[in-house]
A.B. asks: 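One structure is given below, represented as structure tokens, and several questions about it will come after.
All values reported here derive from a predicted model rather than from experimental measurement.
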Amino acid sequence: MENKKQCAMDTRDLVTLLADLAEQIEMLIGKKGTISVFRYAGKQMGKRLGAGQPGDAEMARGIVAKFFQDKWVIDGVALQDNHAELQGCRIGLVLKERGIQAGSHALCNFGFGLIDGVTEAVTGHKIITLHVSSEYHEEGVTCHETW
């Protein structure tokens with residue numbers, strides 16, 4: 001019999017926990033401080049993901065897409081030039097249930113920082129990822145970002 005390691009939390013549970021954590025931090029240091037902390041954390045993680053992998057923007061985009069899909073945070077990622085379309089964003093779904101618009105929350109800023117950190121580590125160029133829009137539909141949430 002094969003022993004498979006099972007996690008007590010799925011992706012949605014983890015995103016919910018992180019959203020709860022962000023709310024608690026916001027009570028202590030305010031919304032701007034919380035966004036800054038989460039964006040910084042994402043950037044540091046992104047730098048680690050991209051470390052030792054010198055390349056171009058296309059390679060950086062591939063690392064970001066793989067991370068989001070491997071962690072089941074996003075169903076699909078379409079990256080072209082300086083734009084990203086994130087389909088099936090589970091962060092956006094959890095935020096929607098809380099009455100929060102995707103794109104402005106600390107968890108979204110963690111993702112923006114991750115994109116920035118990977119890009120900087122791989123290409124040596126600094127970028128600042130920004131939220132453009134979110135579309136809510138039957139299949140979930142699609143977010144559009146630019147840098």
A.B. asks: Do side-chain atoms of Ser36 reach the backbone of Lys32 as a donor and acceptor pair under 3.5 angstrom?
C.D. replies: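 A pair under 3.5 Å: no.
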A.B. asks: Supply the atom-to-atom distance Glu145 CD to Leu86 CG, rounded to the nearest 0.5 angstrom.
C.D. replies: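 Rounded to the nearest 0.5 Å, the CD-CG separation comes out at 5.0 Å.
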A.B. asks: For side-chain hydrogen bond (donor to acceptor under 3.5 Å, both in side chains), just list the numbers for Gln24 and Glu26, CA-CA rounded to whole Å, side-chain angles, deciding distance to a tenth of an Å, and then say yes or no.
C.D. replies: CA-CA 5 Å; Gln24 294 300 309; Glu26 188 173 323; over 6 Å; no
A.B. asks: How close do His131 and Ser133 get, counting heavy atoms only, and between which atoms?
C.D. replies: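 Answer, listing the atom of His131 first, then Ser133: CE1-O, 3.1 Å.
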A.B. asks: Can you tell me how far the CZ atom of Arg61 sits from the OG1 atom of Thr123, to the nearest 0.5 Å?
C.D. replies: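 Rounded to the nearest 0.5 Å, the CZ-OG1 separation comes out at 9.5 Å.
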A.B. asks: Can you hop from Trp72 to Ile115 via hydrophobic side chains spaced under 4.5 Å?
C.D. replies: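 No; Ile115 is not reachable from Trp72 via cluster members.
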A.B. asks: Which value, rounded to the nearest 0.5 Å, describes the distance between Ile35 atom CD1 and Ile25 atom CD1?
C.D. replies: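 Reported value, rounded in 0.5 Å steps: 12.0 Å.
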A.B. asks: Shared ILVMFWY cluster between Phe110 and Val37, side chains joined below 4.5 angstrom?
C.D. replies: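 Cluster IDs for Phe110 and Val37 match.
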A.B. asks: To the nearest 0.5 Å, what is the distance between CG (Asp75) and SG (Cys89)?
C.D. replies: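 Those atoms lie 9.5 Å apart.
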A.B. asks: Looking at Leu18, Thr16, Asp10, which hits side chain to side chain contact (heavy atoms under 4.5 Å, CB included) with Leu14?
C.D. replies: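 Going through the options one by one, the only one that passes is Leu18.
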A.B. asks: Write down the atom of Ala102, the atom of Gly92, and the distance for their closest heavy-atom approach.
C.D. replies: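 Nearest pair, atom of Ala102 first, then Gly92: CB-CA, 4.1 Å.
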A.B. asks: Does Cys108 reach the side chain of Ile91, with side-chain heavy atoms less than 4.5 Å apart?
C.D. replies: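 Yes. Closest side-chain heavy atoms under 4.5 Å.
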A.B. asks: Are Val141 and Leu95 connected in the hydrophobic side-chain network, where two residues link if heavy atoms are under 4.5 Å apart?
C.D. replies: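 No, because Val141 and Leu95 fall into different hydrophobic clusters, even though each may have its own neighbours under 4.5 Å.
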A.B. asks: Working to the nearest 0.5 angstrom, can you tell me the gap between Ile127 CD1 and Phe112 CZ?
C.D. replies: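 Rounded to the nearest 0.5 Å, the CD1-CZ separation comes to 11.5 Å.
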A.B. asks: Which one of Lys126, Lys43, Arg39 satisfies the side chain to side chain donor-acceptor pair (under 3.5 Å) criterion with Asp116?
C.D. replies: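 Exactly one option meets the side chain to side chain donor-acceptor pair (under 3.5 Å) with Asp116, and it is Arg39.
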A.B. asks: When you compare the side chain of Val77 with that of Gln87, does any pair of heavy atoms fall below 4.5 Å?
C.D. replies: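 No - every pair of side-chain heavy atoms lies 4.5 Å or more apart.
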A.B. asks: I'd like to know if Arg98 and Asp20 make a salt bridge, using a cut-off of under 4.0 Å between side-chain N and carboxylate O.
C.D. replies: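 Result for this pair is yes, salt bridge flagged.
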A.B. asks: Determine whether more than 12 heavy atoms belonging to other residues, nucleotides or ligands lie under 6.0 Å from atom OH of Tyr136.
C.D. replies: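 Yes - once you tally the heavy atoms of other residues, nucleotides and ligands closer than 6.0 Å, there are more than 12.
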A.B. asks: Within a radius of less than 6.0 Å around CG of Leu21, do more than 12 heavy atoms belonging to other residues, nucleotides or ligands occur?
C.D. replies: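 Yes.
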A.B. asks: Can you hop from Val15 to Phe68 via hydrophobic side chains spaced under 4.5 Å?
C.D. replies: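 Val15 clusters together with Phe68.
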A.B. asks: Any side-chain heavy-atom pair from His144 and Glu135 closer than 4.5 angstrom?
C.D. replies: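 The answer is yes, as the side chains (C-beta and beyond) meet within the 4.5 Å cut-off.
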A.B. asks: Answer whether the closest heavy-atom distance between the side chains of Trp147 and Ile128 falls below 4.5 Å.
C.D. replies: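 No - every pair of side-chain heavy atoms lies 4.5 Å or more apart.
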A.B. asks: Would one find more than 12 heavy atoms of other residues, nucleotides or ligands at under 6.0 Å from atom CE of Met59?
C.D. replies: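 Buried by this count: over 12 neighbours within 6.0 Å.
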A.B. asks: Is it the case that one hydrophobic cluster holds both Phe38 and Leu130, taking links as side-chain heavy atoms less than 4.5 Å apart, direct or via other members?
C.D. replies: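 The answer is no; the residues belong to distinct hydrophobic clusters.
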A.B. asks: How close do Ala22 and His105 get, counting heavy atoms only, and between which atoms?
C.D. replies: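 Heavy atoms of Ala22 and His105 come nearest at CB-CE1, 3.7 Å.
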A.B. asks: Could you report the tightest heavy-atom contact between Gly103 and Asn109, atom names first, then the distance?
C.D. replies: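 Here Gly103 and Asn109 meet closest at O-ND2, 4.3 Å.
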A.B. asks: Walk me through whether Thr129 and Thr146 qualify under side chain to side chain contact (heavy atoms under 4.5 Å, CB included).
C.D. replies: CA-CA 6 Å; Thr129 301; Thr146 191; over 6 Å; no
A.B. asks: Does the Asp56 side chain pair with the main chain of Glu58, one donor and one acceptor, at a distance under 3.5 Å?
C.D. replies: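 Yes; at least one donor-acceptor contact below 3.5 Å.
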A.B. asks: How many angstroms lie between OG in Ser104 and NZ in Lys31, if you round to the nearest 0.5 Å?
C.D. replies: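 Taking OG in Ser104 and NZ in Lys31, the distance rounds to 4.5 Å.
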A.B. asks: Return yes when atom CZ of Arg48 has more than 12 non-hydrogen atoms of other residues, nucleotides or ligands closer than 6.0 Å, and no otherwise.
C.D. replies: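 Atom CZ in Arg48 is not crowded, with 12 or fewer foreign heavy atoms closer than 6.0 Å.
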A.B. asks: State, yes or no, whether a side-chain contact exists between His125 and Glu120 at a heavy-atom distance under 4.5 Å.
C.D. replies: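 Side chain of His125 against side chain of Glu120, heavy atoms only: no contact under 4.5 Å found.
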A.B. asks: Do Thr142 and His137 pair up side chain to side chain, a donor and an acceptor below 3.5 Å, judged on atom types alone?
C.D. replies: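 Yes.
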